[in-house]
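I have placed the structure first, in the form of structure tokens, so that the comments after it can refer back to it.
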Amino acid sequence: MTPTPASAAPPADARDGDHRFAIQCEVLRLSIRPLGPVLLVQYLLNCGVAALFAWQFSPVRALVWLALVTGVTVMRGFFAQRLPEPFTPATLRAAQRQHTLRTAIWELAHGLAGVLLFNPERPDLQLLLGLILMGMTLSSAFSVSFYTPATQLAITLLLAPVIVTGLWLGAPVMMAVAVIGIGLTAMMWKLVADHSRQLEENIDLRLNERTLREQALAGLRASEQAQAERLRFFSAANHDLRQPVMAIGLQAEVLRQQLQHGTDSAAVQHTVASLSRAQQALEGLTNQLLEIGRIEAAVDPLRPAAVALAPLLNELARQAGEGRVAVRCPAEAVAWTDAVALRRVLSNLLDNALKFTPRGRALLAVRARRRPGTDTGRAWRVEVRDSGIGIAAESQTRVFDDFEQVGNVERNLQHGHGLGLAIVRRLAGQLGIEVALRSAPGKGSVFSFELPAARPGAAAVPAPAPSVALDEPDADAELRPGLAVLVVEDNIVVADSLSALLRHWHVAPRIYASAAEALALADLDALDAALCDIRLPGAFNGIALAERLAQRKPALTIALISADITEATQQLAAARGWHALRKPVQPDALRRVLLRAQQQQQPPSST
């Protein structure tokens with residue numbers, strides 16, 4: 001399942017700033033929209049005013065004013081302002097300044113009527129001119145622009161000429177009108193500011209509604225995509241799970257018929273080996289599916305620390321087999337990351353490299369890189385190189401998808417299930433790193449990522465390696481007949497299978513279905529080992545049972561058994577000296593536990 005990337009939400013201040021920017025852009029778009037019919041009506045009214053004052057006062061002055069009005073009307077009607085797309089903060093400010101200038105020119109041309117058409121000899125015409133300009137102000141204040149600075153400047157330039165001229169040359173009644181004009185200007189400034197604020201609130205609501213609608217649609221699309229991805233994941237998982245299950249069922253029937261008809265031992269052994277391979281394939285797939293589930297559920301919290309890379313890479317190379325992996329890493333390479341998650345990333349990348357490199361070796365390489373802006377200014381680039389079959393460019397984008405195997409189109413289960421790199425992708429997302437791929441067919445592949453360097457002086461610890469039991473018993477040793485083993489398992493099928501295997505080894509199993517039953521009925525002092533399933537019915541689980549058994553008999557060898565052995569469970573078992581076995585338990589692992597129990601029960605030899 002491909003998780004939806006959880007991108008970090010921007011800070012609240014940044015979101016508010018973006019929203020404010022969007023509102024300002026919308027206000028400017030509304031302010032420059034075409035006003036053809038309105039311009040025509042205004043121009044005709046202006047012509048009427050010019051004709052009136054040409055008749056009553058001066059045709060020349062009226063024509064000059066009308067020419068100015070005609071010029072700005074042509075400018076606004078036929079040479080509209082062009083806005084940049086898309087807007088940026090810089091282009092928005094430039095467009096606002098240009099719009100303010102154009103609006104100022106428009107209203108100044110109209111306002112010059114207060115000078116050109118002002119008749120010092122006729123108080124009645126002065127009064128008429130003042131009323132006409134005030135009417136222009138009231139009618140055009142909310143149509144000339146929606147940008148507050150531009151509108152307020154326009155009102156001022158429309159009324160200022162007649163106010164100044166009236167106070168300077170006007171009759172007493174005109175002076176009174178001029179004073180009223182000053183009050184009107186102040187009132188219109190406030191009305192414009194209130195109107196603009198209401199407009200911005202309406203735009204804000206509309207933008208919020210659109211944003212919510214877009215978010216809802218995006219969420220719906222993401223949900224549909226996630227559902228489709230989930231369906232594809234579970235379909236692929238169902239297919240790959242059924243393969244080994246079908247093989248186990250068929251091979252079990254073959255084995256039954258072989259035993260029924262007395263088939264020779266070699267054929268029976270071949271069938272048993274096929275059963276074992278199918279079981280191993282099934283176990284490998286279930287383990288990977290469990291790991292994906294744990295990663296997506298985030299049940300293992302990250303614990304960043306200083307991790308020494310050289311010991312970790314050398315340990316991975318050693319586990320891969322002699323000569324298969326080379327390591328090139330500076331001794332001082334110490335990264336700041338989660339040790340467990342890093343080990344899982346590297347293990348999966350190395351496993352992928354070795355699977356598709358039938359000949360040649362893989363290389364684990366680390367080198368220093370500069371990373372400005374971090375605490376240390378440094379990073380470590382980690383590379384997993386191989387000389388294998390390589391990956392074509394058109395296939396590189398999908399190698400991290402679930403159940404994708406570019407070099408395994410025939411779905412050979414010996415090459416895995418195509419989940420290793422999908423696990424890497426998920427872990428990388430948790431660690432905040434990006435795994436890059438460089439490859440070409442026939443020339444191998446390079447998977448790389450960068451880790452932040454730990455601060456100088458940080459106590460470096462290697463990533464945890466799988467625990468290795470001390471004093472490992474001899475695997476070829478024979479189990480002592482009659483070894484007493486407590487088995488607490490509530491699943492009847494599993495209990496019967498364990499009992500059958502233990503009896504085949506001549507071990508004496510004591511089978512119980514719950515912790516309470518085992519504590520009440522079992523002879524605890526006579527036990528040599530205890531196999532405790534963790535998930536048990538009743539008040540006590542397997543861990544609580546193990547605690548009580550250890551208190552009763554400290555030398556008792558105890559193994560916790562579960563299909564979900566977590567890191568915490570492993571740490572607890574290691575701290576108490578217990579074993580932790582993951583279901584399905586491998587017979588060899590179970591036998592080693594019993595050999596350890598037998599070894600501890602043997603009295604020291606006397607000399």
Side-chain angles (χ1 to χ4, degrees), residues 1-7 225-226 228-241 243 281 284-296 313 316 320 324-325 341-366 381-451:
M1 291 172 289
T2 304
T4 303
S7 57
Q225 182 180 0
E229 196 65 30
R230 242 182 249 112
L231 178 61
R232 192 187 75 84
F233 179 89
F234 285 117
S235 296
N238 175 65
H239 174 271
D240 280 16
L241 280 170
Q243 297 283 70
L285 178 56
T286 53
N287 286 341
Q288 287 184 316
L289 292 175
L290 176 62
E291 184 172 6
I292 287 176
R294 293 184 66 84
I295 294 171
E296 294 194 346
L313 300 187
L316 291 173
R324 290 300 314 272
V325 181
L342 175 61
R343 181 186 183 89
R344 289 155 74 186
V345 168
L346 289 171
S347 296
N348 280 287
L349 288 176
L350 186 58
D351 181 61
N352 179 78
L354 296 177
K355 279 179 183 176
F356 297 99
T357 307
R359 293 180 298 276
R361 298 195 305 172
L363 172 66
L364 295 172
V366 177
R381 180 180 176 85
V382 183
E383 294 184 349
V384 180
R385 296 172 171 262
D386 66 67
S387 56
I389 60 176
I391 304 170
E394 62 272 13
S395 301
Q396 293 179 14
T397 57
R398 56 186 179 89
V399 295
F400 291 96
D401 291 344
D402 300 322
F403 295 98
E404 283 289 347
Q405 287 185 302
V406 175
N408 187 21
V409 294
E410 69 279 7
R411 304 295 293 170
N412 184 350
L413 295 184
Q414 293 182 351
H415 288 168
H417 301 272
L419 290 174
L421 293 182
I423 292 174
V424 167
R425 169 174 54 81
R426 289 172 169 86
L427 289 171
Q430 284 190 341
L431 290 172
I433 61 178
E434 182 178 355
V435 180
L437 169 60
R438 188 173 72 253
S439 183
K443 297 183 179 179
S445 303
V446 179
F447 291 87
S448 62
F449 55 90
E450 289 189 5
L451 297 170

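With contacts defined as side-chain heavy-atom distances shorter than 4.5 Å, the pair Leu313/Val325 does not qualify.
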List the atom pairs, donor and acceptor, that lie under 3.5 Å between side-chain atoms in residues 434-443 and the rest of the protein, sequence neighbours left out.
from, atom 1, to, atom 2, distance (Å)
Ser439, OG, Ile391, N, 2.7
Ser439, OG, Gly444, O, 2.9
Ser439, OG, Ser445, OG, 2.8

Please output the side-chain donor-acceptor pairs of residues 344-351 that fall under 3.5 Å, not counting sequence neighbours, one pair per line with the distance.
from, atom 1, to, atom 2, distance (Å)
Arg344, NE, Glu291, OE2, 3.0
Arg344, NH2, Glu291, OE2, 3.4
Ser347, OG, Arg343, O, 2.8
Asn348, ND2, Arg344, O, 2.8
Asp351, OD2, Lys355, NZ, 3.1

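Summarising the geometry, atom CD belonging to Glu450 is positioned 9.5 Å from atom CD belonging to Glu383; distances are rounded to the nearest 0.5 Å.
Between Leu451 and Ile433, the shortest heavy-atom distance links the atoms CD2-CG2, 4.0 Å.
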Next item on the list: Please lay out, stage by stage, how Asn352 and Phe447 fare under the test side chain to side chain contact (heavy atoms under 4.5 Å, CB included).
Entry: CA-CA 10 Å; Asn352 179 78; Phe447 291 87; 3.8 Å; yes
